[in-house]
Amino acid sequence: MQKGRGIYKPWIMMLVAVFAIVYLWIMGNLLFIHGRAPGDRYQYNLVPLETIGPLLLERERYSTEAWVKNLFGNIVLFIPLGIWIPWLFRPCRTGLKFTMTVIVLLLAVELAQLVLRVGSFDVDDIILNTIGAWIGNIVFRLFIQLMKTRRLE
């Protein structure tokens with residue numbers, strides 16, 4: 001695809017970049033400020049599926065709000081990440097580079113939460129957030145295919 005055509009026109013790229021900045025600002029507030037007060041101890045989970053497992057297998061133990069927030073919130077909130085990363089950063093369009101970029105970003109967020117003690121480091125959050133980003137990436141890829149198909153007709 002040539003630079004400056006279709007969805008890669010400079011004004012569209014600028015708009016996507018602005019949305020990405022707004023998204024990062026909102027996520028920063030959600031992950032580090034809103035309702036977060038530094039604790040006096042480190043909280044972490046390094047065992048994959050330790051928090052996801054009970055959410056899926058023991059649903060009755062959790063309030064609906066806690067269940068939806070922990071399971072689906074961690075997925076849905078990161079769908080936009082999967083859209084704007086490949087849109088803005090061409091090298092991150094391949095599956096492996098996209099996945100590695102997302103995991104590194106999410107690992108940085110989880111480590112920052114651990115160090116700042118405003119939340120907890122949870123490997124399950126990384127798993128769920130990555131699933132959300134991949135859903136966004138699939139939406140982006142489908143959008144690209146739709147745009148290519150429309151241009152051919």
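Keep in mind that what you see is a predicted model, and the values were worked out from it rather than measured.
Grouping the Ile, Leu, Val, Met, Phe, Trp and Tyr side chains by contacts below 4.5 angstrom, directly or via other members, places I85 with V139. Connection of L116 to I33 is established within a shared hydrophobic cluster, with ILVMFWY side chains joined at heavy-atom distances below 4.5 Å, either directly or through further cluster members. Residues V104 and L107 fall into different hydrophobic clusters, defined by Ile, Leu, Val, Met, Phe, Trp and Tyr side chains chained together at heavy-atom separations under 4.5 Å. Note: the hydrophobic cluster containing I79 does not contain L146 (ILVMFWY, side chain heavy atoms under 4.5 Å, direct or indirect links). A single hydrophobic cluster is seen to contain both L24 and I26, as judged by linkage of ILVMFWY side chains at heavy-atom distances under 4.5 Å, directly or through other members.
Separating the CH2 atom in W67 from the CG atom in L55 is a distance of 8.5 Å, to the nearest 0.5 Å. Note that CD1 of I127 and CG of L49 are 5.0 Å apart. Values are rounded to the nearest 0.5 Å. Between I52 atom CD1 and L71 atom CG the span is 7.0 Å, to the nearest 0.5 Å. Taking CE of M14 as the reference point, atom CG of L88 lies at 10.5 Å (rounded to 0.5 Å). Interatomic distance, Q113 CD to Y42 OH, rounded to the nearest 0.5 Å: 14.0 Å. Atom CH2 of W87 is separated from atom CZ of R93 by 10.0 Å, given to the nearest 0.5 angstrom.
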Walk me through it: do F143 and I7 pass the test side chain to side chain contact (heavy atoms under 4.5 Å, CB included)?
CA-CA 10 Å; F143 178 69; I7 65 168; 3.6 Å; yes
Side chain to side chain contact (heavy atoms under 4.5 Å, CB included) between V109 and L105, intermediate numbers included
CA-CA 6 Å; V109 167; L105 285 171; 5.8 Å; no
Is there a side chain to side chain contact (heavy atoms under 4.5 Å, CB included) between I75 and N129 once you walk through the steps?
CA-CA 5 Å; I75 293 172; N129 299 163; over 6 Å; no
Take V123 and L46 through the side chain to side chain contact (heavy atoms under 4.5 Å, CB included) test and state the conclusion after the steps.
CA-CA 5 Å; V123 70; L46 301 175; 5.5 Å; no
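Remark: T130 pairs with V102, I103, L106, I126, W134 by the side chain to side chain contact (heavy atoms under 4.5 Å, CB included) rule, at least two apart or across chains. L77 is linked by a side chain to side chain contact (heavy atoms under 4.5 Å, CB included) to M27, L30, counting only residues two or more places apart in sequence or in another chain.
Side-chain contact between I144 and M147 is absent, with no heavy atoms from C-beta onward closer than 4.5 Å. Contact annotation: the side chain of N137 never approaches that of I83 to less than 4.5 Å [non-hydrogen atoms, C-beta and beyond]. Contact annotation: the side chain of Y23 approaches that of P80 to within less than 4.5 Å [non-hydrogen atoms, C-beta and beyond]. Considering only heavy atoms from C-beta on, N45 stays 4.5 Å or farther from F121 through its side chain.
Other residues, nucleotides and ligands contribute over 12 non-hydrogen atoms within 6.0 Å of the CZ atom of F32. In this structure, E58 places its CD atom where more than 12 heavy-atom neighbours from other residues, nucleotides or ligands lie under 6.0 Å away.
A distance of 6.0 Å or more separates the ring centres of W84 and F140.
Although no hydrogens or angles enter the test, the distance criterion places a donor-acceptor pair under 3.5 Å between the side chain of R59 and the main chain of Y62. Judged purely by atom type and a 3.5 angstrom limit, N74 uses its side chain to pair as donor or acceptor with the backbone of N70. Remark: the backbone N or O of D122 is paired with a side-chain donor or acceptor of E110 at under 3.5 angstrom.
Considering every non-hydrogen atom in both F78 and L31, the closest pair reads CZ-CD1, 4.3 Å. Taking all atoms of both residues into account, the shortest heavy-atom contact from P86 to C92 is CB-O, 4.0 Å. Residues P54 and R61 come closest through the heavy atom pair CB-NH1, 4.2 Å.
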